[in-house]
Amino acid sequence: QVQLVESGGGLVQPGGSLRLSCEASGRRFSTYVMGWFRQVPGKQREFVAAIRWTGGSTYYADSVKGRFTISRDNAKNTVFLQMNSLKPEDTAIYYCGAKETVLNYRRGEEYEYWGQGTQVTVST
């Protein structure tokens with residue numbers, strides 16, 4: 001069974017930082033793309049960032065470019081999302097997903113596996 005487990009969410013003030021982690025297990029992910037998405041109630045899941053497990057190419061939504069950084073630790077099968085200069089509009093549940101190819105990496109419906117999500121709240 002493939003498992004993705006997110007951690008690192010919480011409450012932070014505007015301008016602050018958080019680092020999310022997504023630990024993957026149950027399969028060799030060497031050919032996979034790992035993505036971070038976020039969702040607020042009443043809205044569709046939104047692409048945030050993605051990384052190719054092999055090679056490390058990264059992709060970002062325009063709304064987070066320059067503020068968020070996605071990275072991976074191959075030895076620990078873990079993907080990270082470093083979030084800096086956080087804004088109230090970044091408040092959402094953040095999900096980690098995995099898919100086998102880089103095609104359509106921005107489309108959540110293309111991802112085969114998902115974690116349970118972690119809440120990020122940016123507020124004073």
Side-chain angles (χ1 to χ4, degrees):
Q1 295 291 339
V2 174
Q3 276 197 316
L4 302 176
V5 180
E6 301 102 332
S7 61
L11 172 64
V12 64
Q13 292 188 343
S17 298
L18 281 175
R19 188 174 84 152
L20 305 184
S21 299
C22 172
E23 184 174 358
S25 62
R27 177 168 291 198
R28 288 186 61 188
F29 289 90
S30 59
T31 60
Y32 274 60
V33 170
M34 305 296 293
W36 284 99
F37 287 72
R38 63 188 182 188
Q39 190 170 23
V40 297
K43 291 191 175 182
Q44 283 192 326
R45 199 167 289 191
E46 174 191 25
F47 170 75
V48 175
I51 187 168
R52 298 184 73 164
W53 205 275
T54 301
S57 297
T58 57
Y59 313 88
Y60 296 94
D62 288 343
S63 58
V64 306
K65 205 172 291 184
R67 300 189 297 123
F68 291 11
T69 302
I70 189 170
S71 62
R72 82 228 188 276
D73 183 330
N74 288 355
K76 296 182 179 179
N77 261 8
T78 300
V79 175
F80 304 99
L81 185 68
Q82 177 67 42
M83 305 186 295
N84 299 328
S85 302
L86 282 162
K87 305 175 181 179
E89 51 264 43
D90 295 318
T91 295
I93 299 174
Y94 282 70
Y95 296 90
C96 172
K99 65 188 304 294
E100 288 196 38
T101 72
V102 73
L103 294 175
N104 299 319
Y105 63 84
R106 293 176 179 268
R107 297 181 60 180
E109 59 267 33
E110 298 278 337
Y111 284 70
E112 293 140 28
Y113 306 104
W114 291 98
Q116 81 288 351
T118 184
Q119 176 71 49
V120 171
T121 303
V122 185
S123 175
T124 55

Exercise. First locate atom OG of S25, then atom CD of Q3, and finally report the distance between them rounded to the nearest 0.5 Å.
Key: 4.5 Å

Quiz item: Hey, is the main chain of V33 close enough, under 3.5 Å, to the side chain of R52 for a donor-acceptor pair?
Solution: no

Quiz item: Between I51 and W36, is any pair of side-chain heavy atoms under 4.5 Å apart?
Solution: no

Quiz item: In this structure, are over 12 heavy atoms from other groups packed under 6.0 Å from Q44 atom CD?
Solution: no

Quiz prompt | Test log, rule side-chain contact (heavy atoms from CB on, under 4.5 Å), inputs Y95 and L4 | solution = CA-CA 9 Å; Y95 296 90; L4 302 176; over 6 Å; no

Quiz item: Are E6 and Q116 close enough that some pair of their side-chain heavy atoms sits under 4.5 Å apart?
Solution: yes

Self-check item: Y105 and F47 aromatic centres sub-6.0 Å
Solution: yes

Quiz item: Under a 4.0 Å N-O cut-off, is there an ion pair linking R38 with E46?
Solution: yes

Practice problem: Output yes when a side-chain donor or acceptor of R45 lies under 3.5 Å from a complementary backbone atom of R107, and no otherwise. | Solution: no

Quiz item: Do Y32 and V2 come close enough that some side-chain heavy atom pair is under 4.5 Å?
Solution: no

Practice problem: Report yes if the side chains of V102 and Y59 come closer than 4.5 Å at any heavy-atom pair, otherwise no. | Solution: yes

Quiz item: Run the side-chain hydrogen bond (donor to acceptor under 3.5 Å, both in side chains) check on S17 and N84 step by step: do they pass?
Solution: CA-CA 4 Å; S17 298; N84 299 328; 2.9 Å; yes

Quiz item: Judged by atom type as modelled, is there a donor-acceptor pair below 3.5 Å linking the side chain of T78 to the main-chain atoms of K76?
Solution: yes

Exercise. Supply the atom-to-atom distance L86 CG to L18 CG, rounded to the nearest 0.5 angstrom.
Key: 5.5 Å

Quiz prompt | Any T124 side-chain heavy atom under 4.5 Å of P14 side chain | solution = yes

Quiz item: Once the angle between the rings of F68 and Y94 is folded into 0 to 90°, is it parallel (under 30°), tilted (30 to 60°) or perpendicular (over 60°)?
Solution: tilted

Quiz item: When rounded to the nearest 0.5 angstrom, what is the spacing between CZ in F80 and OG in S21?
Solution: 5.0 Å

Quiz item: Stepwise, does the side-chain contact (heavy atoms from CB on, under 4.5 Å) test hold for M34 with C22?
Solution: CA-CA 9 Å; M34 305 296 293; C22 172; 4.3 Å; yes

Self-check item: Sub-6.0 Å ring centroid separation between Y111 and F37
Solution: yes

Quiz item: Going by heavy atoms in the side chains, are I70 and V79 under 4.5 Å from each other?
Solution: yes

Quiz item: Is any side-chain heavy atom of Q119 closer than 4.5 Å to a side-chain heavy atom of T91?
Solution: yes

Quiz prompt | Between CD on residue E100 and CD on residue E110, distance to nearest 0.5 Å | solution = 12.0 Å

Quiz prompt | Residue from I93, L81, L11, L20 passing side chain to side chain contact (heavy atoms under 4.5 Å, CB included) with V120 | solution = L20

Quiz prompt | Salt bridge flag under 4.0 Å for residues D90 and K87 | solution = no

